[in-house]
Amino acid sequence: MALSIGHGYDVHAFCEGRPLVLGGVTVPCARGLAGHSDADVVTHALMDAVCGACRLGDIGRLFPDDDPAYAGADSLVLLSRVMGLAREAGYELLDCDCTVAAQAPRLAPHRDAMRSAMARAMGCDVSRVGLKATTTERLGFVGREEGIEAWAVCLMGRP
């Protein structure tokens, strides 16, 4: 089996009047994230990691933010489409791991729900999806509660 790794990163600023969606889960918070789609920073990083491993480009190329078709789009639906493209190219997800940095809100209570939601969208067992949450100890834009950032890595295989 040939192995391929991918890395993804995404960041979104907080904004008023939107729900906070992370890893496909609506997390209780007074503010959501600004973006063309649902601004799910965790799922976006994971999609870019899969795209990178499979040499599909990036989500900006697949789902342009100037295309009205993706306005308010559910990122789990987009993740499912990315996994479909990966499978068409002969790849299967072997493992992935995500890290989300947010000073607030507290994300640990939502971790398992996020892992399950992303696993369902990718059509894999939840054991293949890792997710960690951290703060930045009040440093930088995340520490000042201006936004949230996320990183993801994935290992893909193909015969």
Side-chain angles (χ1 to χ4, degrees), residues 1 3-15 18-54 56 58-60 62-63 65 69-136 142 145 147-158:
M1 174 177 282
L3 302 177
S4 184
I5 60 169
H7 176 263
Y9 170 78
D10 197 33
V11 59
H12 285 276
F14 278 116
C15 72
R18 292 190 76 174
L20 177 61
V21 179
L22 297 171
V25 174
T26 301
V27 176
C29 188
R31 301 176 296 169
L33 295 173
H36 185 64
S37 65
D38 61 7
D40 184 340
V41 67
V42 179
T43 302
H44 292 182
L46 182 53
M47 284 190 287
D48 265 343
V50 172
C51 285
C54 302
L56 299 172
D58 59 41
I59 61 172
L62 295 176
F63 313 113
D65 65 6
Y70 304 114
D74 180 333
S75 291
L76 290 181
V77 171
L78 302 180
L79 176 59
S80 181
R81 288 180 57 191
V82 165
M83 285 304 299
L85 293 171
R87 288 186 178 104
E88 285 175 19
Y91 290 92
E92 191 58 47
L93 176 75
L94 301 178
D95 196 60
C96 66
D97 190 36
C98 306
T99 302
V100 57
Q103 197 64 45
R106 184 165 157 69
L107 299 178
H110 309 285
R111 179 181 166 271
D112 291 339
M114 288 186 239
R115 289 179 63 222
S116 294
M118 290 187 294
R120 273 191 309 276
M122 291 188 293
C124 71
D125 190 81
V126 71
S127 66
R128 294 183 183 213
V129 180
L131 177 69
K132 300 165 309 297
T134 189
T135 70
T136 61
V142 171
E145 298 185 30
I148 295 177
E149 63 188 332
W151 301 262
V153 293
C154 71
L155 178 64
M156 305 292 286
R158 84 177 170 188

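When reading the values below, keep in mind they use all heavy atoms of this one structure, side chains included, and skip hydrogens, waters and symmetry mates.
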Of R115, M114, H110, which meets side chain to side chain contact (heavy atoms under 4.5 Å, CB included) against D112?
R115

Look at the rings of Y70 and F63 and say which category their plane angle falls in: under 30° parallel, 30 to 60° tilted, over 60° perpendicular.
perpendicular

Of all residues at least two apart in sequence or in a different chain, which pass the side chain to side chain contact (heavy atoms under 4.5 Å, CB included) check with H12?
D10, L33, A39, V41, H44

For the side chain of H7 and the backbone of A49, is there at least one donor-acceptor N/O pair under 3.5 Å apart?
no

Kindly give the heavy-atom pair with the smallest separation between T136 and A101, and that separation in Å.
CG2-CB, 4.2 Å

Check the pair I5, V153 against side-chain contact (heavy atoms from CB on, under 4.5 Å), reporting the backbone distance first and the verdict last.
CA-CA 7 Å; I5 60 169; V153 293; over 6 Å; no

How long is the span from the SG atom in C51 to the CE atom in M156, to the nearest 0.5 Å?
9.5 Å

Can you tell me how far CG of L79 sits from CG of L46, rounded to the nearest 0.5 angstrom?
5.5 Å

Interatomic spacing from CD1 in I59 to CG in D48 - rounded to 0.5 Å:
4.5 Å

Please identify which of these residues, T134, L131, V27, meets the side chain to side chain contact (heavy atoms under 4.5 Å, CB included) condition with L107.
V27

Atom CZ in R106, atom OG1 in T135: separation rounded to 0.5 Å?
11.0 Å

Looking at CG of L94 and CZ of R158, how far apart are the two atoms once the value is rounded to the nearest 0.5 Å?
12.5 Å

For the residue pair S37 and S75, what are the closest heavy atoms and their distance?
OG-OG, 3.8 Å

Under 3.5 Å, side chain of R120 to main-chain N/O of L76, donor-acceptor pair present?
no

Nearest atoms (heavy-atom pairs only) where K132 meets T99:
NZ-OG1, 3.0 Å

How far apart are the C-alpha atoms of L78 and D40, what are their side-chain angles, what is the distance that settles it, and do they pass the side-chain contact (heavy atoms from CB on, under 4.5 Å) test?
CA-CA 11 Å; L78 302 180; D40 184 340; over 6 Å; no

Minimum heavy-atom separation for V21 and D38, please, with both atom names.
CG1-OD2, 4.0 Å

State the CD1-CZ distance between I148 and R31, to the nearest 0.5 angstrom.
8.5 Å

Closest non-hydrogen contact found for M118 with C98 is CE-SG, 4.4 Å

Of all the heavy-atom pairs spanning C54 and A86, show the shortest one and how long it is.
SG-CB, 3.6 Å

